[in-house]
Asker: 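Please see the structure below; I have some questions.
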Amino acid sequence: MKSPGFIYILIILSFLFHRCGSGEDRVRQQAGPSNVVEKTEIKIPGFNADSAFYFVEKQVSFGPRVPNTEEHRACGDWLEAKLRAYADTLYVQPARVRAWDGTVLNIRNFIGSFKPDKTNRILLCAHWDSRPWADRDPDPANHYKPFDGANDGASGVGVLLEIARLLSIHEPAIGVDIIFFDAEDYGEHENSRGFDRDSWALGSQHWARSPHRPDYMARFGILLDMVGASGASFRHEGYSMMYAPNIVRKVWARAQRLGFGHFFINDEGGHVIDDHYYINTIRNIPTINIIDQRVETPHGFFPYWHTMKDNMDIIDISTLYAVGKTVTHIVYEEGR
Ligand code: AHN
Ligand code: ZN
């Protein structure tokens, strides 16, 4: 009869070999030609959703990214270093803005430019801060607590960091700017009820009035907001249709041709005051919002919007993949 010690060693060995096996497999997938997909005559790099997921996880690991906190500063420093490593040129735009409750927020917008000399450019953006208050949580005891914002904030940045990584390896035909806006989610608390719609998107309002380059222009922009939850549905958001209907149609058609029609639905969504609203109205750059809009929730967003449950548990790799692959195709097809 074999000793329990021998069986124990066998179990450990089998785990070790299993880990080695899956590690090699992943390396082969990344290094092999399957990383680049042939699309008619143009090569479009493969969007790695595991990498995007890791970028989301990393942001969340700093803690809630609430302006004026240490967690916010630390995550901002990491984002800055990451985007600086991938982009040709990095701009940091620090600012002090006044929130609806009078708090002065120390914020930073990060702008990573790829092929900065090209005049033919597109803009991709997301917000990197998280909301200070879970004021939609079912438990009122949480209404003044911060939360992870894994979907609301980190997901869009995670997808764009992965696209930045691809752009650093495979040159696009056009210039690309990736902007991480600060202080999108410091809007009025649910208990305040002042309906000050300009209390949201403070970072993008600042950038739209004073862009990193005074004459900045782009053909169009794409905002990613809440692009990581399981069961996401992206509908034609109201201001996107008002200011950039052809871009909405182009992106939705591309997503559907890639097989993501279950996420990208040809239905009318609501009007959402978000970063793209100010890019459209102040900078006149036609910009769409890819944002998770649900018909089954009272607020019209994903079920855990502004609650303590907006954490890594609700992040679904297949949602990140659908959005990431679609936007990657749009970027690399542009100007060809
Ligand atoms: C309003 O509720 C007015 N805008 C929502 C924008 C938002 C919040 N996006 C993410 N969190
Ligand atoms: Zn929010």
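Read the numbers this way: they start at 1 and go in the same order the structure lists the ligands and their atoms.
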Asker: Does the side chain of H127 pick up a donor-acceptor pair with the side chain of D129 at under 3.5 Å?
Answerer: yes
Asker: Is the distance from the Zn ion (ligand 2) to the nearest N/O/S atom of D225 under 2.8 Å?
Answerer: no
Asker: Please confirm whether W200 comes within less than 3.5 Å of ligand 1 when only nitrogen or oxygen atoms on both sides are compared.
Answerer: no
Asker: If you measure from each heavy atom of H306 to ligand 1, is any distance below 4.0 Å?
Answerer: yes
Asker: Can you tell me if H143 and D137 form a side-chain donor-acceptor pair at under 3.5 Å?
Answerer: no
Asker: Under 4.0 Å, heavy-atom basis, I'd like to know which part of R197 is in contact with ligand 1: side chain, backbone, both or neither.
Answerer: neither
Asker: So is R131 close enough to ligand 1, meaning a heavy atom under 4.0 angstrom away?
Answerer: no
Asker: Using a 3.5 Å cut-off on N or O atoms only, is F301 in polar contact with ligand 1?
Answerer: no
Asker: Given atoms NE2 of H306 and OD1 of D185, what angle do they subtend at the Zn ion (ligand 2), to the nearest 10 degrees?
Answerer: 90°
Asker: Which option, N151, D225, D274, D185, owns the non-hydrogen atom nearest atom 11 (N) of ligand 1?
Answerer: D185
Asker: What atom name does the N, O or S atom of D152 nearest to the Zn ion (ligand 2) carry?
Answerer: OD2
Asker: Might you work through the ring-ring contact (aromatic ring centres under 6.0 Å, His included) test for W133 and H306, ending with a clear yes or no?
Answerer: CA-CA 7 Å; W133 318 287; H306 294 178; 9.4 Å; no
Asker: Taking atom types as modelled, find out whether D182 and H72 have a side-chain donor-acceptor pair closer than 3.5 angstrom.
Answerer: yes
